[in-house]
2 protein chains.
Amino acid sequence: MYLKDITLFNSLSKKNLEEIEKISSKEDFKAGNIIFYEGDKPIFLHILLEGVVKLYKTDSKGRQIYIHQFTPVSLIGELANFENILFPATAEAITKCKILKIEYSKFDNNFLRNPNVSFEIIKSLSKKTKILSNIIHQEMILSTDAKIAKLIVEHLELFKQLKNGQIASLVNITPETLSRILTKFKKKRYIESTNSHNLAILDKKSLESLYR
Amino acid sequence: MYLKDITLFNSLSKKNLEEIEKISSKEDFKAGNIIFYEGDKPIFLHILLEGVVKLYKTDSKGRQIYIHQFTPVSLIGELANFENILFPATAEAITKCKILKIEYSKFDNNFLRNPNVSFEIIKSLSKKTKILSNIIHQEMILSTDAKIAKLIVEHLELFKQLKNGQIASLVNITPETLSRILTKFKKKRYIESTNSHNLAILDKKSLESLYR
DNA sequence: CGGTCTCTTGATTGTTGTCAAAGGCGGTGG
DNA sequence: CCACCGCCTTTGACAACAATCAAGAGACCG
């Protein structure tokens, strides 16, 4: 993948692209590798070119608080660069990944004045603000029951694909709690399941009423 | 205050300003009035010109979850406009306020392509992402003790100005819990207070170790 | 000095996480 | 084809944390 194929940069001149080329490098990460840790200094601007990256925070007891998963092409952690703060979360490759790293201190702020670049940045930042706003809603407003009800209604496919433990970590609860809630929902006839990877909604309205 | 005095717009041409003038209006709010509710459709882009605005969410039990306070000049709730989603939080005037309301559907997206305008938007969005990131850290990572310790170290002045109930609502805990934690900190000789509006730090390091 | 608001303290509850054990399910190798 | 093993899920008992409810103490103001 070339720089000019990155939407963010596709309106830049050849000269600009060469400038960016000079201050950037591509790095490969294996699944499980950490791209940056929460608390690290943001020296590079990171752009995910290939693979899937998980973003999470770590609480005082060492538990991971899942925030988001990124797919290409995405800016990752740009907030830290823009605001000149330490990375507020950890980015981990969950598949083989290719990341473009741009030396942010040398990154000409004038690029940000390019109308198309800044438009893309606005889109990226806006998307992230929305993500964080959703996280806040999910974690601070919804009860555990409500979180699960929402997940069932809006992402039923996850239950067919993932194990309980994985689902639980997506919504930051324990597998035990998830199991108990699913059992409760089954008792109330909101859902039904013959085997573990076959969950069906019986009463969508009741589920929705838990989080609306 | 004229449009051209708003940093966001000060690089726009006279013609552009007139265009915006046509699709905007100023509205005054009294202290306590609601500027928009969580769940409202974002018809207008809101810019705070005068006064102080509190942003909060409401949980299922009717409690307010405090998010942020805005002072002039600030875009408020622009995320909802940009992402075309319902307002994720409620904005309430906590003093007399003056708000510029721009009809977003008529707001020429080309303004966003103006380098200086988009630069300001990036700054605003970046700031908000940081605010939300901080909220997530404060509410999901820090324990109650840690929140209070941080508040004491970083904003001691609040304790001299506000009542316990007000401080408690800033960090989304109950006054009772705040009182208990302050008592505990006093017992441990982390802080000391002769009267209620006179709090002094005795052991900054111990306080910091609670949240670092 | 009385009254009201605020703060403190205790007892209790609700919610979810933790720890532990048992049950079920599927896959593998004999 | 079956027995066994390992992982996942379920269930129970318990702990931790902060909210709630209630009562009493204290501070501030007219």
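The shown structure was predicted, so the numbers you read here are calculated from the model rather than taken from an experiment. Here is the naming used below: chain letters follow the sequence lines, and residue numbers restart at 1 for every chain.
Rounded to an integer number of Å, the gap from CG of B/N198 to C1' of D/dC28 is 17 Å. Between the NZ atom of B/K61 and the C1' atom of C/dT15 there is a distance of 8 Å, given to the nearest Å. Distance, A/I148 CD1 to C/dT16 P: 10 Å, rounded to whole Å. Across the protein-nucleic acid pair, B/L162 atom CG and C/dC7 atom P stand 10 Å apart, rounded to whole Å. Rounded to an integer number of Å, the gap from CG of A/L182 to P of D/dT10 is 7 Å. Nucleotide C/dT15 holds its C1' atom 16 Å from the CE atom of A/M140, rounded to whole Å. With rounding to whole Å, B/I181 atom CD1 is found 15 Å from C/dC7 atom C1'. Between the C1' atom of C/dG17 and the CD1 atom of A/I65 lies a distance of 12 Å, rounded to the nearest Å.
When side chains are defined from C-beta on, A/S193 counts as touching A/K186, because their heavy atoms get closer than 4.5 Å.
Looking at heavy-atom distances under 4.0 Å, A/N172 makes contact with sugar-phosphate atoms alone, never a base.
At a cut-off of 3.5 angstrom, counting only N and O atoms as typed in the model, there is no donor on one side facing an acceptor on the other between the side-chain of A/R63 and the base of C/dT16. Between the base of C/dG17 and the side chain of A/R180 there is no donor-acceptor pair shorter than 3.5 Å. In the interface, the side chain of B/E176 is not paired with the base of C/dC7 through any donor and acceptor atom under 3.5 Å apart.
One finds a side-chain N or O of B/T174 lying less than 4.0 angstrom from the OP1 or OP2 phosphate oxygen of D/dA19. OP1 or OP2 of D/dT10 lies within a sub-4.0 Å distance of a side-chain N or O belonging to A/N164. Contact check, A/S179 against D/dT9: no side-chain N or O comes under 4.0 Å of OP1 or OP2. Listed pair B/T183 / C/dT9 meets the phosphate criterion, a side-chain N or O lying under 4.0 Å from OP1 or OP2.
A donor atom on one side chain and an acceptor atom on the other are found under 3.5 Å apart for A/K54 and A/Q64.
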Taking it one step at a time, do A/V53 and A/Q69 satisfy side-chain contact (heavy atoms from CB on, under 4.5 Å)? CA-CA 6 Å; A/V53 169; A/Q69 273 189 14; over 6 Å; no
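Of the candidates B/V73, B/L48, B/I20, B/L3, B/L3 is the only one forming a side-chain contact (heavy atoms from CB on, under 4.5 Å) with B/L100.
Remark: side-chain polar atoms of B/S133 are not paired, donor with acceptor, to backbone N or O of B/T129 under 3.5 angstrom.
For B/I173, whose side chain is taken as the heavy atoms from C-beta onward, the closest listed nucleotide among D/dA19, C/dT16, C/dT8 is D/dA19.
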